[in-house]
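What's counted below: heavy atoms across the whole structure, side chains too, no hydrogens, waters or symmetry copies.
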2 protein chains.
Amino acid sequence: MSLSIDSSSQVLENGYEHAELLSGNNDEHEGVMVNMEKPMDSKVFLTALRASISLWRKQGKRGVWIKLPIGLANLIESAVKEGFHYHHAEPDYLMLVHWISESTTSTIPANATHRVGIGAIVMNDKRELLVVQEKSGKLKGTGIWKIPTGVVDAGEDIFKAAVREVKEETNIDTEFVEILGFRQTHKSFFEKSDLFFLCMMRPLSFDVQKQELEIDAAKWMPFEEYTAQQIVEKPGFYKCITDICLAKVDGDYIGFSPRLVKSSFTDQLSYFYLNEQDSNSS
Amino acid sequence: MSLSIDSSSQVLENGYEHAELLSGNNDEHEGVMVNMEKPMDSKVFLTALRASISLWRKQGKRGVWIKLPIGLANLIESAVKEGFHYHHAEPDYLMLVHWISESTTSTIPANATHRVGIGAIVMNDKRELLVVQEKSGKLKGTGIWKIPTGVVDAGEDIFKAAVREVKEETNIDTEFVEILGFRQTHKSFFEKSDLFFLCMMRPLSFDVQKQELEIDAAKWMPFEEYTAQQIVEKPGFYKCITDICLAKVDGDYIGFSPRLVKSSFTDQLSYFYLNEQDSNSS
């Protein structure tokens, strides 16, 4: 059933006669999603919200979502007073949610908890590593060379993010080879955690052009010169990266490769990263 | 410099004489974090915010963060009017941010983009798989048996989440063996993406007791009976899981194991997941 704020008034048993109702879309889980778009007086909103919740309870709805664009920040306080809490926020909107069912336990899904990043190992035939110096961050101004790194956007495949970041920072075209490993860190930003995927890449072009905005310098550097840097040489995260890199280049190290797999429920495709070599040999 | 709302009034050049100032803590990136805790009238807040921003600009601050507990939702509209936008939200607070520097480009870090989950393959010596039927979700009421799955919390190590979820759902104690692979899916909830880690576990106890809240049934099931289920047998995600499981149990499949690694900058420890076997042999 679709409700509308400007629908003809409805009579409800609990006294909300002729009250306007909020427009909502039903979801698959006995929930209602209210997507507020037009400006509204907060008192009008509060009255409509109360009447709507009363109706939704009668209809057996359990969870109610309200998406408020940042321009409608005047309505947040009313929603909170009616029992809503925050679910998540992006720069331009706030999502609120309220479990209105009194007889069932909330099954509201968790908010996103992790940021995802990549680091790209790109080595040419002369055993030179593609390295950069960044204009900001921990290594700014230290003269230390590092591998290209970057953030994986929501909705972006990890291996595509690696190709994109290398291209953006150095103008080098690459082909993704494997994920060699990944690191999980905590409290990397407020309470959120971080997943960093170390990617092996094959260069397809060789003319380095640094990006002006974020990158101070970029070049091909002899691998042994890179590893001789103090921060890379001492035990720790950087050394772990070069050890795995050497195991891949000089040894038989096998990482995870992306395989396109269909959902078991729908036609949706997504990438499953696995040890493709061992998987095939069995 | 530490500011305080109840400090003696300060004289500012632009007319905010004697205005109260918001209390803020400086961060490492020329930023200020305002942690609002006490209730405040929205007009008083607006005046204090304007005066504070004026002062912070003079001090060369670039980014200003305001953390508002849900009880202070009345202050959001004022902050938005002054140029703040949302950064992220948790059930009980909203984080707003405003890049006040006019001469530099915003370096405000991205919000969390991914939810992280685990699936646990637990097999005993009789080649029986630990399986459950859930009380909610896609498979509710279908009679289909699945491996235990769950959500990794912010701040929780992936392999520890796998041990915890198996214990919670089935009361079986396990030892983590390896991550066999992982899947990345998009738009799994609103615009967020999802990372699902397939974990191989070794059972340490064998007496199954299902959890009442989420689990309808739990048991040890002959592996071939599990794979004969239609949804597991047909090509797709479920089949991919059993193929990798077979490659591990009957073949030489090697996944990623957690290695404790120190940061290259601090003493902070975190887990790096890698192909430990190939890494050592090189």
Practice task
Using the side chain to side chain donor-acceptor pair (under 3.5 Å) rule, take Asp157(B) and His186(A) through it: C-alpha gap first, then chi angles, then the decisive distance, then the call.
Solution key: CA-CA 8 Å; Asp157(B) 288 316; His186(A) 301 306; 2.9 Å; yes
Exercise for the section: Check for a donor-acceptor pair, side chain of Asp278(B) on one end and backbone N or O of Ile254(A) on the other, with a separation under 3.5 Å. Expected result: yes
Exercise for the section: Report the distance from atom OG of Ser42(A) to atom CG of Asn74(B), rounding to the nearest 0.5 Å. Expected result: 11.5 Å
Handout entry: Backbone N/O of Ile158(A) and side chain of Gln184(B): donor-acceptor pair under 3.5 Å
Key = yes
Problem - Within 6.0 angstrom of Lys135(B) NZ, more than 12 heavy atoms from elsewhere - result: yes
Handout entry: For Lys192(A), the option from His88(B), His114(B), Glu90(B) that meets side chain to side chain donor-acceptor pair (under 3.5 Å)
Key = Glu90(B)
Handout entry: Donor-acceptor under 3.5 Å (Ser193(B) side chain, Gly155(A) main chain)
Key = yes
Handout entry: Gap separating the CD1 atom of Ile244(A) from the CG atom of Leu274(B), nearest 0.5 angstrom
Key = 4.5 Å
Practice task
Considering only heavy atoms and a distance below 4.5 Å, find which of Ala112(B), Ser270(B), Ser78(B) pairs most often with chain A.
Solution key: Ala112(B)
Handout entry: Leu213(B) portion near chain A, given a 4.5 angstrom heavy-atom threshold
Key = side chain
Exercise for the section: Select, from Ala154(A), Pro109(A), Ser263(A), the one with the greatest count of heavy-atom pairs under 4.5 Å involving chain B. Expected result: Pro109(A)
Exercise for the section: State, yes or no, whether a side-chain contact exists between Cys240(A) and Arg259(B) at a heavy-atom distance under 4.5 Å. Expected result: yes
Handout entry: Engaged part of Glu191(B) at the chain A interface, taking heavy atoms whose separation is under 4.5 Å
Key = backbone
Practice task
Answer with side chain, backbone, both or neither: which region of Lys234(A) has an atom nearer than 4.5 Å to a non-hydrogen atom of chain B?
Solution key: side chain
Handout entry: Stepwise ring pair (Phe, Tyr, Trp, His ring centres under 6.0 Å) check, Tyr86(A) with Tyr93(B)
Key = CA-CA 7 Å; Tyr86(A) 306 145; Tyr93(B) 77 86; 8.3 Å; no
Handout entry: Donor-acceptor contact below 3.5 Å, side chain Tyr273(B) vs main chain Arg183(A)
Key = no
Exercise for the section: Considering only heavy atoms and a distance below 4.5 Å, find which of Ile231(B), Asp153(B), Leu72(B) pairs most often with chain A. Expected result: Ile231(B)
Completion exercise
Closest non-hydrogen contact found for Ile70(A) with Phe84(B) is CD1-O, 3.7 Å
Exercise for the section: Give, for atom CD1 of Ile76(B) and atom CD1 of Ile76(A), the distance between the pair rounded to the nearest 0.5 Å. Expected result: 3.5 Å
Practice task
Name the member of Pro235(B), Ala110(B), Pro258(B) that forms the most heavy-atom pairs with chain A at distances under 4.5 Å.
Solution key: Ala110(B)
Problem - Contacting moiety of Leu139(B), where chain A heavy atoms sit under 4.5 Å - result: side chain
Fill in the blank from the handout: Whatever's closer than 4.5 Å to a heavy atom in chain A on Glu214(B) counts as neither
Problem - Side chain / backbone / both / neither for Val97(A) at chain B, heavy atoms under 4.5 Å - result: neither
Problem - Contacting region of Val80(B) [heavy-atom separation from chain A under 4.5 Å] - result: side chain
Fill in the blank from the handout: One should read off an interatomic distance between Phe272(A) CZ and Thr185(B) OG1, to the nearest 0.5 angstrom, of 11.0 Å
Handout entry: Under 4.5 Å from any heavy atom of chain A - which part of Ile179(B)
Key = both
Practice task
With a 4.5 Å cut-off on heavy-atom pairs, point out which of Lys81(A), Lys67(A), Lys239(A), Lys138(A) contacts chain B the most.
Solution key: Lys138(A)
Practice task
Considering only heavy atoms and a distance below 4.5 Å, find which of Gly255(A), Ala79(A), Ala73(A), Gly71(A) pairs most often with chain B.
Solution key: Ala73(A)
Practice task
Select, from Gln268(B), Lys187(B), Met95(B), the one with the greatest count of heavy-atom pairs under 4.5 Å involving chain A.
Solution key: Met95(B)
Handout entry: Contact origin within Thr105(A) toward chain B - heavy atom pairs under 4.5 Å
Key = side chain
Problem - pair Lys262(A)-Phe237(B): side-chain heavy atoms closer than 4.5 Å - result: no
Exercise for the section: Quick one: pull up NZ in Lys248(A) and CG in Asn275(B) and give me the separation to the nearest 0.5 Å. Expected result: 9.5 Å
Fill in the blank from the handout: One option among Tyr238(B), Tyr271(B), Phe196(B), Phe190(B) has the most heavy-atom pairs under 4.5 Å with chain A, and it is Phe190(B)
Fill in the blank from the handout: Here the pair of heavy atoms bringing Leu94(A) nearest to Ala89(B) is CD1-CB, 4.0 Å
Exercise for the section: Measure Leu195(A) against the heavy atoms of chain B and call it side chain, backbone, both or neither at under 4.5 Å. Expected result: side chain
Practice task
Could you tell me the separation between the CD1 atom of Ile241(A) and the OG atom of Ser264(B), rounded to the nearest 0.5 Å?
Solution key: 7.5 Å
Practice task
Measure up the Phe182(A) and Phe197(B) rings against each other and bin them: parallel (under 30°), tilted (30 to 60°), perpendicular (over 60°).
Solution key: tilted
